[in-house]
K.L.:
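Right, I'll just put the structure down here and ask away after.
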Amino acid sequence: MFFNLGFLHARNSKDPTVGVFGNTAHPFQTVMALSIWRCMLNRSAARWHLHRSLSLYNSSHGFNEEEIKNKLAPFTGGSVTLVKRENGIAELCIDNPARMNAFTGTMMIELMERVRDLENWQEGKGLIVYGAENTFCSGSDLNAVKAITNSQDGIKMCMLMQNTLTRLLRLPLISVALVQGKALGGGAELCTACDFRLMTEDSEIRFVHKHMGLVPGWGGATRLIHLIGSRHALKLLSSALRVHPKYALNIGLVDEILSCGADGPLAEAQKWIASYTKGAADVNRAVKKVIASGREKLIEDSLRTEKDIFGTVWGGPANMQALSKGTKHN
Ligand SMILES: CCCC(=O)SCCNC(=O)CCNC(=O)[C@H](O)C(C)(C)COP(=O)(O)OP(=O)(O)OC[C@H]1O[C@@H](n2cnc3c(N)ncnc32)[C@H](O)[C@@H]1OP(=O)(O)O
């Protein structure tokens, strides 16, 4: 057993009973060290399991993240930036205005990294996803699309984006897509990976895939059916219809049409999300978790998860404070 615990031994010592404490290891020290080691192993195993469970595809599905990242990396340009504010609301900006915020290969990789960053942001409550220079996103960068036309690589790119967008939707943050200008193709799919959508008056969401000889592949069709039902979803995909704000509101694709406030749409979106993210971060995150689990799971699984999440806030600081204040809801 000692031989497997190399880090426990003084670097220069050949004696396996010489521990980190300098002298011959006391049995208590060994037990302590073993338990720390086990704890570290458990934590990294848990992190690895979490990573696998948050992602839809992993090596057991023949998905090799590094391989597709290497294929995408040569398609450069643009960026995906993240600002985490002290009020617990983050802003994720799709920034490639020269191509109407189309996703280059490097931007797909950056989006994945930003989502991972948000998964670890314990103080977070909400997220606004928007596009630079008053337009949302025109989908996949057509230069990359033209260069990766074989279906195997297309499927791998699609697996990477489905992994990322599924993780985005599962974040314990209340997320909102601010759609200004155009959300086309993969851009339309991206906005369905948020909990809510806000549109400005002059904007449009358009699943142009059929006109490109495609169907959605970033998970947009599946999410769209959940959002608006299969009949409306079929209409949007089969006609590549321009969905203007009023129609989008009518079919339940968006939650509000933003009025053009003096401070601009991003400030309007910040005000909008503020009314859903009041209070303690842990309670907000628990609210989002129960919804995210219910959205995806069968009812019995969902009820069990709801009970587990309930246990994380019951008797917690926000709960105790509300009880001691005698909070009323009239
Ligand atoms: C599974 C994912 C599937 C997909 O996402 S497939 C891609 C779907 N998206 C598209 O086909 C969008 C094609 N673009 C367009 O329809 C129009 O450019 C668009 C977005 C309506 C904007 O039209 P306009 O306002 O007239 O501006 P424009 O055409 O002059 O565009 C400005 C510059 O942006 C470029 N651009 C726009 N969308 C792009 C894209 N997806 N990939 C690469 N470049 C793109 C466009 O080529 C133009 O560049 P340049 O100024 O000519 O150098």
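Ligands are counted one by one from 1 in listed order, and the atoms in each one are counted from 1 as well. Remember, predicted model here, so these are calculated numbers, not experimental data.
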K.L.:
Is the closest protein non-hydrogen atom to atom 18 (O) of ligand 1 under 4.0 Å?
P.N.:
no
K.L.:
For G220 and ligand 1, answer yes if some heavy atom of the residue is under 4.0 Å from a ligand atom, otherwise no.
P.N.:
no
K.L.:
Once rounded to the nearest 0.5 Å, what's the spacing between atom CG of L236 and atom CG of L224?
P.N.:
5.5 Å
K.L.:
Taking C-beta and beyond as the side chain, do M159 and Q162 meet within less than 4.5 Å on heavy atoms?
P.N.:
no
K.L.:
Under 3.5 Å between some N or O of ligand 1 and some N or O of S140?
P.N.:
yes
K.L.:
Considering only heavy atoms of L184, which atoms of ligand 1 have at least one such atom less than 4.0 Å away?
P.N.:
20 (C), 21 (C)
K.L.:
Which residue supplies the protein heavy atom nearest to atom 35 (C) of ligand 1, what is that atom called, and how far is it?
P.N.:
R99 CA, 3.7 Å
K.L.:
What atoms of ligand 1 come closer than 4.0 angstrom to any heavy atom of A102?
P.N.:
40 (C), 41 (N), 42 (N)
K.L.:
For H211, state whether at least one heavy atom is located under 4.0 Å from any atom of ligand 1.
P.N.:
no
K.L.:
Between S55 and R167, do the side chains contain an N or O donor and an N or O acceptor separated by less than 3.5 Å?
P.N.:
yes
K.L.:
Heavy-atom contacts with E189 under 4.0 Å: which atoms of ligand 1 show up? List them by number with element.
P.N.:
1 (C)
K.L.:
Can you find a non-hydrogen atom of D141 under 4.0 Å from ligand 1?
P.N.:
yes
K.L.:
Do M212 and ligand 1 have an N or O pair less than 3.5 Å apart?
P.N.:
no
K.L.:
From atom 50 (P) of ligand 1, is the closest protein heavy-atom distance below 4.0 Å?
P.N.:
no
K.L.:
As a test of the contact definition, would atom 41 (N) of ligand 1 count as having a protein heavy-atom neighbour under 4.0 Å?
P.N.:
yes
K.L.:
Test E65 against L160 for side-chain contact (heavy atoms from CB on, under 4.5 Å), laying out the working first.
P.N.:
CA-CA 7 Å; E65 192 178 284; L160 180 105; 4.1 Å; yes
K.L.:
Does A98 reach ligand 1 with a nitrogen or oxygen that is under 3.5 Å from one of the ligand's nitrogen or oxygen atoms?
P.N.:
yes
K.L.:
Judging by distance only, is a nitrogen or oxygen of V208 under 3.5 angstrom from one on ligand 1?
P.N.:
no
K.L.:
Looking at G139, which atoms of ligand 1 are within less than 4.0 Å of one of its heavy atoms?
P.N.:
5 (O)
K.L.:
Please state which protein non-hydrogen atom is closest to atom 24 (P) of ligand 1 and give its distance, to 0.1 Å?
P.N.:
M100 CE, 4.7 Å
K.L.:
Could you tell me whether atom 46 (C) of ligand 1 has a protein heavy atom closer than 4.0 Å?
P.N.:
no
K.L.:
Which bit of L142 is near ligand 1, meaning a heavy atom under 4.0 Å away: side chain, backbone, both or neither?
P.N.:
both
K.L.:
Looking only at heavy atoms, which two atoms of E189 and G220 are closest? And how far apart?
P.N.:
OE1-N, 2.9 Å
K.L.:
Please tell me if atom 53 (O) of ligand 1 is touched by the protein, where touching means a protein heavy-atom distance below 4.0 Å.
P.N.:
no
K.L.:
Verify the contact flag for atom 10 (C) of ligand 1, where contact means a protein heavy atom under 4.0 Å away.
P.N.:
yes
K.L.:
So, for atom 26 (O) of ligand 1, does the protein have a heavy atom nearer than 4.0 Å?
P.N.:
no
K.L.:
Looking only at distances, can you tell me whether any N or O atom of K182, backbone or side chain, sits closer than 3.5 Å to an N or O atom of ligand 1?
P.N.:
no
K.L.:
Run down the list G213, A188, G77, S138 and name the one with the heavy atom closest to atom 8 (C) of ligand 1.
P.N.:
S138
